[in-house]
Amino acid sequence: MIRNALRDRVDSHVILLVGLLIFEIGVFSILEPATYPTRANFTSMTLQASEIGLLALGIVLTMIVSGIDLSIVATANVAGIIAATTMTAMDGPSSSATATAIIVGVVIALAWGAAAGALNGTLVVGARVSPILVTLGTLTLFTGIGTAATEGKVVFGIDAFTWLGDGKIAGLAVPFLLLVALAVLLSLRLARTRFGFEAYLVGENARAAWFSGISVRRRQFAMYVASGMLSAVAGLVVLGRTNAAQVDFGQSFVLLAVLVAVLGGLDPYGGRGSPLGALLAVAVLQAMSTGLNQVLVAHTGSNFFKNFAWGILLIVVLAISQRSRTPRNNRKHELRDKTPEPDSHNTDTSR
Amino acid sequence: MSAVLTVAEVSRSFGGVRALHNVSLAVEQGAVHCLVGENGSGKSTLTKIIAGVLSADAGTVAMAGHEPRSGVNPGLAIREGISVIYQDLALFPNLTVAENIAPCERTASLTPHWRWRSSAKRAAAAALEELGSAISPTTVVERLPTAERQLVAIARAMTRRPRMILMDEPTAALTHQEIDRLLALVRRLRDEHSMSFMFISHKLNEVLELADSVTVLRNGVVASEGPAADYTIERLSNDMTGRTISSARPTKAPTGREPRLTVTGLCVKGAVEDISFEAAEGEVIGIGGLLGSGRTELALSLCGLLKSSEGSVEIDGVALRPGHFQDAIKRGIAYVPEDRLTEGLFLDRSIRDNAAAAVASEHTSRLGALNRSALHATAEHWLGQLHVKTPDYNDAVNTLSGGNQQRVVLSKWLARRPRLLILNGPTVGVDVGSRHDIHETIRHLAKDGTTVIIASDDLPELLAVAHRVLVLSSGQLRHDILTGDLTVQALWEAISADSALS
Ligand SMILES: Nc1ncnc2c1ncn2[C@@H]1O[C@H](COP(=O)(O)OP(=O)(O)OP(=O)(O)O)[C@@H](O)[C@H]1O
Ligand SMILES: [Mg+2]
């Protein structure tokens, strides 16, 4: 009874991730006592994890409504390019000019993210094209826009903006604080609002949600817009950290962000998972990646095992969590493939 | 005669829920054994244990000439000659009718695919023909309405010509003629091929018509058993529920009330022609008619799920936007769909969330914050009103028995306190006791002023709740009958007579 009650409150998947994180930190601290459990190392880990974490949040949101956004990195890079260009153009000798440049740059970059997300949302929801195809398409489109604007070259930002990348508040990296704040905020929004409650239902069974009077399309659309804006934030963080923006930065981050989301307990079929889960998953991956790096570099001088180890970790976690999930009926997946087509319902029912 | 299937002292629990306890029964060779019981009494669980898709905690199942077994092994059960029509059908929605009906032969032989396809098509057409159905074998299953999917599942089980067929509520979604044909086919297979059947149904009259012997389950234990001749409908429902179920009639029709729903000259292309009627506040109107009479289409166009081509639907004097379901919902219309699995339920989510799905907006602050405890309270209130049987509202809704799932769908809509409630087959797959309760709920709602439209195939149901029945045929309104002292027979004649003319 008590175990049941506990299980109901805390997702077993979260327990698994927390356990893994503690285990990793313990093992690597024993193996590399001089370099791993240090303040400097933790700061550097949180910093590295932030960008991928922000991108993963976008994937999380779209996956909750059983979609996906593969254009995140392209959106982020274009956002960085736009911000860098605007800031450089508007920057002046006075500090007020710099402040204006930064504010305008950030606002334009976020607006770009929202617009990119709105395009994805419109195509997925309005034209009912599969989200994978839509966002692969816009990935190419956005990359094209970025390339055309920069001719593929690196654009530099302004020094004042680097605070977003390497500033610290109370000893914690700003990008990390931003990630945690956004993850907590989004989790609260999903858990405590009508929007969140209905979004999960849409992900679970869009057809039944529509029949229940929920505005399915509006929920889905909002998630793509949010994903675009989160990507823009990630782009700004990269700009802050490197003081540069570039169209082909971090291409491999897309798949990594998808993996983080799934590792964090998201179901590609929708209706499950939370931003905090993804946050934990990023932590697990980063703790492992940094630890392996240190161990391997210290002992073999190379770190090619890293990807290999990540792969194993992902498979193990997925196998365990998937297994604990199977009793929850597979019927859903059969049924879900009937995509919600509210308007075509007419043709469905007229015999 | 000898037993072809022997179930010996089978028990099974799910977590803390005891679904079956010491259940024994025997099915004779060449006989139809009917299994009846309330929703959640364990009928489907027993079927699944016999089919080898669930294991028994204790006890065994044995087919004549084979070892007793209790574990999970569906392949073994098929080899022993058992074929099953599951309550949720277990079809492949993305495959065609032919591919669904004949998939087994394919794996068994090395016939090239193209040749298999044409032979599968022929086999499927023949099997469906036997059931008197004209479904095209090349249609993809997910495009079929529920009744036709049910026929596909039945045809699939029949083509294997097994020794024994388990049918879990095969008639729930079927119309009268289809049911008659199915029952005739079952009798023929029993008499000519000495096939055996275990037949589950909540329609007690068809149970008595078909059964050679009966087992009544109540809360997972055998409440009574014996030859069908020993049973009457009263005894069956008594043994099932432990209470006497009286057949009730609607409370008096309201008089002198404002019309809530006004339908004028409503047309839906190819389905409904020029229908006009009014429904007052607190009135219950039944829509009767055969399959293809436009019954379903009329119900759907009232709530905007089908776009009407002409005419208007007015609620309290204000016209609805045709073909606009969300608008209809906002105006206080609730529609309880026919297909609860895909259109009504969020299978993996909790019972409570399912019941709360349509009322989140009512418990939201201006800033969008959801008051979960109030939302839960509302959901639980209606789940309680409809007597949804479960140890915990946190359980996923897919752990409920079929009839209880139906009540969850109803709870979801009743929670909205709709002004106009449109029901499409509201008690499909629901046991006599709950059916009675649901009817009682409908009568109560009407008394409190809700207008109810109920499209149903179930004539006693229409007579039990409706003040008037609109009889449709070929898309036209043929009769508008007051139910007062109407008998089932008279209603049936009104419904079927016109279709013979057209
Ligand atoms: N997978 C499961 N997990 C938990 N409980 C279950 C599961 N399957 C069935 N049950 C429970 O076992 C009991 C018997 O269910 P079952 O589906 O056999 O009922 P039934 O007699 O077929 O009802 P119905 O007429 O509504 O189809 C119910 O209380 C149900 O909630
Ligand atoms: Mg059942």
Side-chain angles (χ1 to χ4, degrees), chain A residues 1 3-5 7-9 188-219 267 269-272 325 327-351, chain B residues 15-16 88 90-94 142-143 145 148 268-271 291-292 296-297 300 305-307 323 325-326 328-330 334-335 337-338 340-349 353-354 356-361 363-365 367-370 372 375 392 394 396 398-399 409 412-413 416:
Chain A
M1 262 348 247
R3 251 179 62 200
N4 271 350
R7 207 183 43 208
D8 283 348
R9 285 203 197 288
L188 281 178
R189 176 128 169 80
L190 287 171
R192 297 281 168 81
T193 65
R194 169 186 175 193
F195 174 84
F197 178 76
E198 295 188 345
Y200 281 105
L201 294 180
V202 167
E204 167 76 30
N205 182 349
R207 202 174 162 78
W210 188 78
F211 269 95
S212 306
I214 295 171
S215 335
V216 174
R217 296 169 170 206
R218 243 187 273 167
R219 303 280 171 274
D267 184 338
Y269 288 103
R272 201 196 301 268
R325 226 179 249 179
R328 300 177 106 210
N329 213 327
N330 299 318
R331 218 164 18 173
K332 159 183 160 188
H333 300 275
E334 260 168 55
L335 294 170
R336 174 188 328 280
D337 295 337
K338 298 182 65 171
T339 36
E341 302 207 350
D343 296 340
S344 72
H345 184 81
N346 301 358
T347 47
D348 280 350
T349 42
S350 53
R351 315 179 178 140
Chain B
D88 55 9
L91 295 170
F92 301 102
N94 51 337
E142 65 187 352
R143 293 184 190 276
E148 298 192 342
V268 175
K269 268 210 192 80
L291 193 68
T296 307
E297 287 81 357
L300 291 175
L305 281 167
L306 260 186
K307 196 164 181 175
F325 180 57
Q326 306 288 343
I329 290 183
K330 282 198 198 90
Y335 171 71
E338 198 179 13
R340 69 171 169 253
L341 284 186
T342 53
E343 295 171 353
L345 292 172
F346 305 92
L347 289 171
D348 271 359
R349 300 207 66 97
D353 281 357
N354 269 278
V359 286
S361 57
H363 297 284
T364 304
S365 72
L367 293 173
L370 187 66
R372 257 182 210 263
L375 181 64
D392 189 347
N394 277 320
N398 64 28
T399 62
V409 177
K412 173 170 81 181
W413 284 113
R416 282 186 77 102

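In what follows, every chain begins at residue 1, and chains take the letters A, B, ... in the order their sequences are listed. Because only heavy atoms are used, hydrogens play no part in the values below, and waters and symmetry mates are left out as well, while side chains stay in.
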(message) Looking at A:Glu204, is its backbone amide N or carbonyl O close enough to the side chain of B:Asp348 to form a donor-acceptor pair, meaning the two atoms are under 3.5 Å apart?
(response)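 It does not hold such a pair.
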(request) Keeping the roles fixed (side chain from B:Arg372, backbone from A:Thr193), state whether a donor-acceptor pair exists under 3.5 Å. (result) no
(request) Write down the atom of A:Leu201, the atom of B:Arg349, and the distance for their closest heavy-atom approach. (result) CD2-CD, 3.3 Å
(request) For residues A:Glu198 and B:Ser361, report the shortest heavy-atom separation together with the two atoms involved. (result) OE2-N, 4.5 Å
(message) What's the separation between atom CG in A:Asn205 and atom CG in B:Leu345, rounded to the nearest 0.5 Å?
(response) 8.5 Å
(message) Rounded at 0.5 Å granularity, tell me how far OG in A:Ser212 sits from NZ in B:Lys412.
(response) 3.0 Å
Quick check on [X] against chain A: is it the side chain, the backbone, both or neither that has a heavy atom closer than 4.5 Å?
| X | answer |
| --- | --- |
| B:Ala334 | neither |
| B:Leu375 | side chain |
| B:Phe325 | side chain |
| B:Leu370 | both |
| B:Asn94 | neither |

(request) Counting only heavy atoms closer than 4.5 Å, note whether A:Ala209 contacts chain B via side chain, backbone, both or neither. (result) both
(message) With a 4.5 angstrom heavy-atom cut-off, is it the side chain or the backbone of A:Arg194 that approaches chain B, or both, or neither?
(response)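 For A:Arg194, heavy atoms of backbone and side chain both lie under 4.5 Å from chain B.
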(message) Any carboxylate oxygen within less than 4.0 angstrom of a Lys/Arg side-chain nitrogen, looking at A:Arg207 and B:Glu343?
(response) yes
(message) Using side-chain heavy atoms (C-beta onward) and a distance below 4.5 Å, is A:Phe197 in contact with B:Thr364?
(response)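 The answer is no, as the side chains (C-beta and beyond) never meet within the 4.5 Å cut-off.
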(request) Report yes if some heavy atom in the side chain of A:Phe211 is under 4.5 Å from a heavy atom in the side chain of B:Leu305; otherwise report no. (result)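 When only atoms from C-beta onward are counted, B:Leu305 and A:Phe211 do touch, with a gap below 4.5 Å.
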(request) Name the member of B:Pro337, B:Ala360, B:Gly344, B:Ala328 that forms the most heavy-atom pairs with chain A at distances under 4.5 Å. (result)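 Among the listed options, the one with the most contacts to chain A is B:Ala360.
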